[in-house]
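Whatever order the structure lists them in is the order used to number ligands and atoms, beginning at 1.
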Amino acid sequence: MPFIRLDKFISERTEYTRSQIKASASDGKITVDGKIIKKSDFKIDSETADVTICGETVRNQPYRYILMNKPDGYVSSTEDNDGISVLKLVPPEMKTKGLFPAGRLDKDSLGALLITNDGELAHKILSPKNHIPKIYIVKLAKPFQSKYIDLFWKGIVLGDGEVCLPARVKSMKNCDNMAFVELFEGKFHQVKRMFSAVENHVEKLMRISVGGVILPEKLGFGECMELLHKDVENLFSHPDFDRFCDNFFSEFSANPLNK
Ligand code: URA
């Protein structure tokens, strides 16, 4: 049976810190299977225990939020249909039932991919209604043109007539064929189709951020890290696009698309 400490169980599933849990326990505010437990290092069966803290039930299954730096050649789906699923890259200690990629990156796209078993959160992140910005860097076949800024902001009309929500785009300093793009939605092949609508072509694409969560430079291609509660909350914050682009090279020592 998977016995774990009560404070570990609660902290992995709620916003409470270990010290708050310890204090709540000694105040008699934690119950396990109906009994008050005053020691936060008490061991419980994580599969069956019915735990409450301050009158609220702690859900049994922890949600997992994994940030992957997706490498080229893997598919953002749960099955290996058109290639190997990104789930194959999740290390055993992070694996749990029901994981799926929250959002799509094309097989040849790179970068930030959230993998979770929390369907409600994934829906919130993906719904254009919630305006969660995603920032990409792209390598273009032809130099960036300043007219793209207005065109993207007015809403690009894709080849099939579909109209995109306003998006921001900015060239990368000292690299005339590199750009940053910020989208608030996720249509199929959207960035690639937006640039082909302005007669350019995306050669490489990498997602660098989802909401306020920025892919850390130290996370190599194919690597995963678990997000903490504060990072998960940060998914819903909005970085300032101009500041993000201007500060990009203080976060990243080199252009990740040149690696
Ligand atoms: N836009 C694309 O064209 N491809 C991606 O993978 C993500 C956004």
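- Of all protein heavy atoms, the one closest to atom 1 (N) of ligand 1 is V191 N, 3.0 Å.
- In terms of polar-atom proximity, defined here as any N/O pair under 3.5 Å, K192 does make such a contact with ligand 1.
- Here the options are H189, E185, Q190, the test is side-chain hydrogen bond (donor to acceptor under 3.5 Å, both in side chains), and the partner is K187; only E185 passes.
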Donor-acceptor pairs are to be reported for all side-chain atoms of residues 108-123 against protein atoms at under 3.5 Å, with residues two or more places apart or in another chain.
{"unit_1": "D108", "atom_1": "OD1", "unit_2": "K192", "atom_2": "NZ", "d": "2.7"}
{"unit_1": "T116", "atom_1": "OG1", "unit_2": "R64", "atom_2": "O", "d": "2.7"}
{"unit_1": "T116", "atom_1": "OG1", "unit_2": "D118", "atom_2": "N", "d": "3.0"}
{"unit_1": "N117", "atom_1": "OD1", "unit_2": "R64", "atom_2": "N", "d": "2.8"}
{"unit_1": "D118", "atom_1": "OD1", "unit_2": "E120", "atom_2": "N", "d": "3.3"}
{"unit_1": "D118", "atom_1": "OD1", "unit_2": "L121", "atom_2": "N", "d": "3.1"}
{"unit_1": "D118", "atom_1": "OD2", "unit_2": "Y65", "atom_2": "OH", "d": "2.4"}

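- A donor and an acceptor atom, one from each side chain of N200 and Y148, are located under 3.5 Å apart.
- Remark: ligand 1 atoms within the under-4.0 Å shell around heavy atoms of Y136 are 7 (C), 8 (C).
- Contact atoms of ligand 1 toward D106: 2 (C), 3 (O), 4 (N), 5 (C), 6 (O) (distance under 4.0 Å to a heavy atom of the residue).
- Residue S109 has at least one heavy-atom neighbour below 4.0 Å for each of these atoms of ligand 1: 4 (N), 5 (C), 6 (O).
- For the pair R13 and F9, the cation-pi criterion (under 6.0 Å, within 45° of the ring axis) is fulfilled.
- Without hydrogens or angle criteria, S85 side chain to S77 main chain gives a donor-acceptor distance under 3.5 Å.
- Only the side chain of L205 comes within 4.0 Å of ligand 1, counting heavy atoms alone; its backbone N, CA, C and O stay farther away.
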